[in-house]
Amino acid sequence: MRNKVTVVGAGNVGATTAQRIADAELADVVMIDIIDSIPQGKGLDMLEACPVSGSDVKVVGTNDYRDTEASDIVVITAGLPRKEGMSRDDLLKKNYEIVKSVTEQTIEKSPNAILIVVSNPLDAMVQTAFKVSHFPKNRVMGMAGVLDSARMRSFISMELNVSVDNVHAFVLGGHGDAMVPLPRYSTVAGIPLPDLMSENVIEQIVERTRKGGGEIVSYLKTGSAYYAPSAAILEMVDAILKDKKKILPCAAYLEGEYGINGLYMGVPAKLGSSGVEEVIEIHLSADERAALQKSAASVQELVGVIGV
Ligand SMILES: NC(=O)c1ccc[n+]([C@@H]2O[C@H](COP(=O)([O-])OP(=O)(O)OC[C@H]3O[C@@H](n4cnc5c(N)ncnc54)[C@H](O)[C@@H]3O)[C@@H](O)[C@H]2O)c1
């Protein structure tokens, strides 16, 4: 039997994610949105691409949670973008309501699913899905680190003119300006970054990575990134469905690891068929630890506003 993945939200990130999963013949895909008829149209369009890509999967767009029944993975991308006059807290509360409601509806139909939350502000939204679902922590995670590391890998590869395959990058912490890229754990063909680049160039890459999301928004003006985000989601879905035991940076629930308790935070995690199977703890310098604590404090502040 084929696996089944539901993508909640048929906007830019949701639709490109659905398309990537269908193209990779990873699972049957259900795309659900509150907007009538758009998911149906996008779903049918993707289904009609399958004969050309040679992919034997079903793709369905819907507004009805009954179609999502018995999903193995649910990817939550539903949310609102910030509108003029809306404060960060207004957006936070609005997206909290959305993520809360879609979590309740999806878990009713798929009580054994693994949830991958993508909606922003990421760390607070994944904490919402965790608290609302009452799922065990291994079955609720957030996507951000794979994307942030992919951006850093791109910049390193561009700077050194080497294959992206050779480049590994390491980013910890919450998604946002307080993320903590770790150059000393970032490597090119196994060689640590500080052995290959000056401190100044590394700092520029780190800064560009931190502001990577904003850089795309400044070009698109009316939307945010979705090609790299959906590629990052696909890597997580692939690792789980194929039980790869792949270590990827993702938002995982911490209970004492890295000195953080009761909070979702971006850390290296082993992904397999049970979801987050292990949080990998690495040694941090005093500066890195302080940066991670600062990042945790900003997530804690958001979580406090919505009370999850
Ligand atoms: N974690 C990350 O790294 C990352 C990266 C990119 C985007 N994002 C976030 O992902 C979210 C989606 O981004 P996007 O570019 O696809 O936005 P988008 O506006 O294109 O799509 C969002 C979709 O959610 C739908 N939606 C709203 N309320 C809903 C509900 N109650 N039920 C079902 N669907 C609902 C909307 O109708 C819309 O189609 C945003 O919150 C964005 O900030 C996160």
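Counting convention: from 1, in listed order, for ligands and their atoms alike.
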Check ligand 1 against [X] and write out every atom of the ligand that is under 4.0 Å from a heavy-atom position of the residue.
X: Ala225; value: 6 (C)
X: Val102; value: 30 (C), 31 (N), 32 (N)
X: Leu147; value: 3 (O), 5 (C)
X: Ile98; value: 28 (N), 29 (C), 30 (C), 31 (N)
X: Leu122; value: 1 (N)
X: Gly79; value: 22 (C), 24 (O), 27 (C)

* To do: Identify which of Asp33, Asp123, Asn120 has a heavy atom lying nearest to atom 43 (O) of ligand 1.
  =>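 Closest candidate by heavy-atom distance is Asn120.
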
* Nearest non-hydrogen atom to atom 18 (P) of ligand 1 belongs to which of Gly11, Pro229, Ser224? ->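 Heavy atom nearest to atom 18 (P) of ligand 1 belongs to Gly11.
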
* Lys/Arg-Asp/Glu bridge criterion (N-O < 4.0 Å) met for Glu97, Lys100 ->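 Looking at Lys100 together with Glu97, the answer is no, because their closest N to O distance does not fall below 4.0 Å.
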
Examine the side chains of [X] and [Y] and answer whether a donor and an acceptor come within less than 3.5 Å of each other.
X: Ser71; Y: Thr6; answer: yes
X: Asp123; Y: His175; answer: no
X: Ser230; Y: Arg20; answer: yes
X: Ser101; Y: Gln105; answer: yes

Say whether [X], considering both its backbone and side-chain N or O atoms, lies within less than 3.5 Å of an N or O atom on ligand 1.
X: Val13; answer: yes
X: Val118; answer: yes
X: His175; answer: yes
X: Val8; answer: no

* Flag atom 37 (O) of ligand 1 as yes if some protein heavy-atom distance to it falls below 4.0 Å, otherwise no. =>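 At least one protein heavy atom is under 4.0 Å away.
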
* For Lys245, does the NZ atom sit with more than 12 other heavy atoms under 6.0 Å from it, leaving out its own atoms? ->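 More than 12 within 6.0 Å, yes.
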
* **More than 12 heavy atoms of other groups within 6.0 Å of Lys94 NZ** =>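 Atom NZ in Lys94 is not crowded, with 12 or fewer foreign heavy atoms closer than 6.0 Å.
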
How far is [atom] from the closest protein heavy atom, and which atom is that?
atom: atom 33 (C) of ligand 1; value: Ile34 N, 3.5 Å
atom: atom 12 (C) of ligand 1; value: Thr77 O, 3.0 Å
atom: atom 17 (O) of ligand 1; value: Asn12 N, 4.5 Å
atom: atom 1 (N) of ligand 1; value: Met143 O, 2.8 Å

* Which is it for Ile35 and ligand 1 at heavy atoms under 4.0 Å: side chain, backbone, both or neither? ->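 It is the side chain that touches ligand 1; the backbone stays farther off.
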
* Asked: Is the Tyr253 ring parallel, tilted or perpendicular to the Phe130 ring (thresholds 30°, 60°)?
  ->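 Plane angle between 30° and 60°, so tilted.
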
* **Partner of Pro39 under side-chain contact (heavy atoms from CB on, under 4.5 Å), chosen from Thr62, Asn63, Ile32** =>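 That would be Asn63; it is the only one of Thr62, Asn63, Ile32 passing the side-chain contact (heavy atoms from CB on, under 4.5 Å) with Pro39.
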
* **Least distance between heavy atoms, Asn261 atom then Gly256 atom** =>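 Distance-wise, the nearest heavy atoms are OD1-N, 3.5 Å.
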
* **Any Ser119 heavy atom less than 4.0 Å from ligand 1** =>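 Distance cut 4.0 Å: Ser119 passes for ligand 1.
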
* Asked: Mind checking whether Ser101 has a heavy atom under 4.0 Å from ligand 1?
  ->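 For ligand 1, residue contact (heavy atoms, under 4.0 Å) with Ser101 is absent.
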
* Asked: Can any side-chain N or O of Ser274 pair as donor or acceptor with the backbone N or O of Glu277 at less than 3.5 Å?
  ->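 Such a contact is absent between Ser274 side chain and Glu277 backbone.
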
* **Glu257 side-chain N/O to Glu255 backbone N/O, donor-acceptor pair under 3.5 Å** =>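 Confirmed, Glu257 side chain pairs with Glu255 backbone.
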
